[in-house]
Amino acid sequence: LQKVLAIAQAGIAGNAELAVPARHAAVALRDIGAITALLVRGAGSETRALLQALDDLLNIEQLVGVLAGLRRDAGAADVALAIGVWSKKLAGHRGAESLLLDLLSDPELGSSAALALSLAPSATTHLQLMSLASTPDTSMRASRARLALQLDQISERAR
């Protein structure tokens with residue numbers, strides 16, 4: 001499997017079909033570094049499966065670290081998908097919520113962050129969202145804080 005992974009990783013830039021064997025090998029080996037590298041390089045149709053594998057393999061602190069790395073190194077679409085796939089696990093975790101609060105002002109990722117923050121924010125994060133939302137500020141960050149609170153109210157009513 002190690003050889004399959006190495007060959008697939010080496011040729012993936014020129015042949016997107018190698019993402020499938022690369023994903024299978026990386027997941028079977030439980031190779032977090034290889035999975036993350038595939039995500040950063042762009043795994044195409046295998047992205048969701050790789051994110052789900054990381055969700056299954058990692059604890060919340062490790063996921064927050066990977067999410068921070070993806071924010072730095074991967075495309076916005078992949079980071080937004082990671083936030084969506086991991087949102088339930090991220091909910092209520094202080095480190096994750098801090099990162100998501102920072103992302104509220106990001107033009108490409110702020111809406112995904114708002115959605116994730118709406119799922120079950122900690123009391124501290126809820127207060128931070130309320131503080132941001134109550135400012136007369138028309139910034140993207142304030143607007144997305146208001147969005148997160150509105151979505152939180154909707155999900156509370158649905159429970």
Side-chain angles (χ1 to χ4, degrees), residues 9 12-13 16 19-20 22-23 26-27 30-159:
Q9 284 181 308
I12 203 167
V20 175
R23 174 185 59 91
V27 171
R30 303 173 67 89
D31 188 332
I32 307 309
I35 294 170
T36 304
L38 288 168
L39 288 167
V40 169
R41 286 188 191 134
S45 63
E46 295 301 305
T47 300
R48 185 164 193 342
L50 289 166
L51 292 169
Q52 188 58 56
L54 287 174
D55 188 43
D56 295 340
L57 294 171
L58 301 179
N59 65 40
I60 183 62
E61 285 79 17
Q62 292 169 314
L63 272 183
V64 171
V66 170
L67 183 58
L70 290 177
R71 178 187 183 197
R72 182 187 61 243
D73 300 330
D78 291 336
V79 179
L81 184 58
I83 291 169
V85 170
W86 300 338
S87 59
K88 288 183 181 175
K89 202 169 192 175
L90 298 173
H93 182 271
R94 186 67 200 131
E97 290 181 343
S98 178
L99 177 59
L100 293 169
L101 283 166
D102 287 344
L103 289 174
L104 287 176
S105 58
D106 186 291
E108 296 177 298
L109 300 172
S111 295
S112 296
L115 180 60
L117 285 166
S118 76
L119 290 180
S122 67
T124 302
T125 298
H126 196 268
L127 288 173
Q128 287 177 289
L129 288 169
M130 286 175 41
S131 175
L132 283 168
S134 66
T135 64
D137 189 354
T138 59
S139 71
M140 203 177 301
R141 186 172 187 180
S143 297
R144 288 178 172 156
R146 287 188 282 278
L147 175 63
L149 290 170
Q150 289 169 350
L151 292 170
D152 180 44
Q153 288 175 352
I154 292 168
S155 66
E156 276 186 18
R157 281 187 229 135
R159 287 183 211 146

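Residues: numbered from 1 along the sequence shown. What you see is a predicted model; the values in this text were computed from it and never measured.
- Nearest heavy-atom pair across Thr135 and Ala142 is OG1-CB, 4.0 Å.
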- request: Carefully, step by step, assess Ile35 and Val66 under the rule side chain to side chain contact (heavy atoms under 4.5 Å, CB included).
  value: CA-CA 10 Å; Ile35 294 170; Val66 170; over 6 Å; no
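- Between the side chain of Thr36 and the main chain of Gly33, no donor-acceptor pair closer than 3.5 Å is present.
- Residues Leu39 and Leu54 have side chains in contact (heavy-atom distance under 4.5 Å, counting atoms from C-beta outward).
- Here the side chain of Arg144 pairs a donor or acceptor atom with the backbone of Leu104 at under 3.5 angstrom.
- Shown here for Ser118 and Ala148, the closest heavy-atom pair between the two residues is CB-O, 3.2 Å.
- Between Asp55 and Lys89, the closest heavy-atom pair is O-NZ, 2.7 Å.
- Looking at heavy atoms from C-beta onward, Val40 lies out of side-chain contact with Asp78 at the 4.5 angstrom threshold.
- Atom CG of Leu38 is separated from atom OG1 of Thr47 by 9.0 Å, given to the nearest 0.5 angstrom.
- With contacts defined as side-chain heavy-atom distances shorter than 4.5 Å, the pair Leu51/Leu70 qualifies.
- Within the 4.5 Å cutoff, the side chain of Arg141 has heavy atoms near those of the Leu101 side chain.
- Distance alone, capped at 3.5 Å, places no donor-acceptor pair between the Trp86 side chain and the Val64 backbone.
- At most 12 non-hydrogen atoms from other residues, nucleotides or ligands lie less than 6.0 angstrom from CD of Glu108.
- Looking at every heavy atom in both residues, Glu97 comes nearest to Ser122 through OE1-OG, 2.7 Å.
- For the atom pair CG (Asp102) and CG (Leu109), the distance works out to 12.0 Å, reported to the nearest 0.5 Å.
- Using a 3.5 Å distance cut-off with no hydrogens or angles, the side chains of Thr125 and Arg94 do pair a donor with an acceptor.
- Once rounded to the nearest 0.5 Å, the distance linking CZ of Arg41 with CG of Asp73 reads 12.0 Å.
- Of all heavy-atom pairs between Thr138 and Ser143, the closest is O-OG, 4.1 Å.
- Separating the CD1 atom in Ile32 from the CD atom in Gln62 is a distance of 7.0 Å, to the nearest 0.5 Å.
- Side-chain contact between Leu117 and His126: absent, with no pair of heavy atoms (C-beta onward) separated by less than 4.5 Å.
- Remark: the backbone N or O of Gly84 is paired with a side-chain donor or acceptor of Ser87 at under 3.5 angstrom.
- Among all heavy-atom pairs drawn from Ser112 and Ala80, the shortest one is OG-CB, 3.4 Å.
- Looking only at side-chain heavy atoms (C-beta outward), Leu67 and Leu90 come within less than 4.5 Å of each other.
- Contact check for Arg71 versus Leu99: side-chain heavy atoms found under the 4.5 Å cut-off.
- Rounding to the nearest 0.5 Å places CG of Leu129 at 10.5 Å from OG of Ser134.
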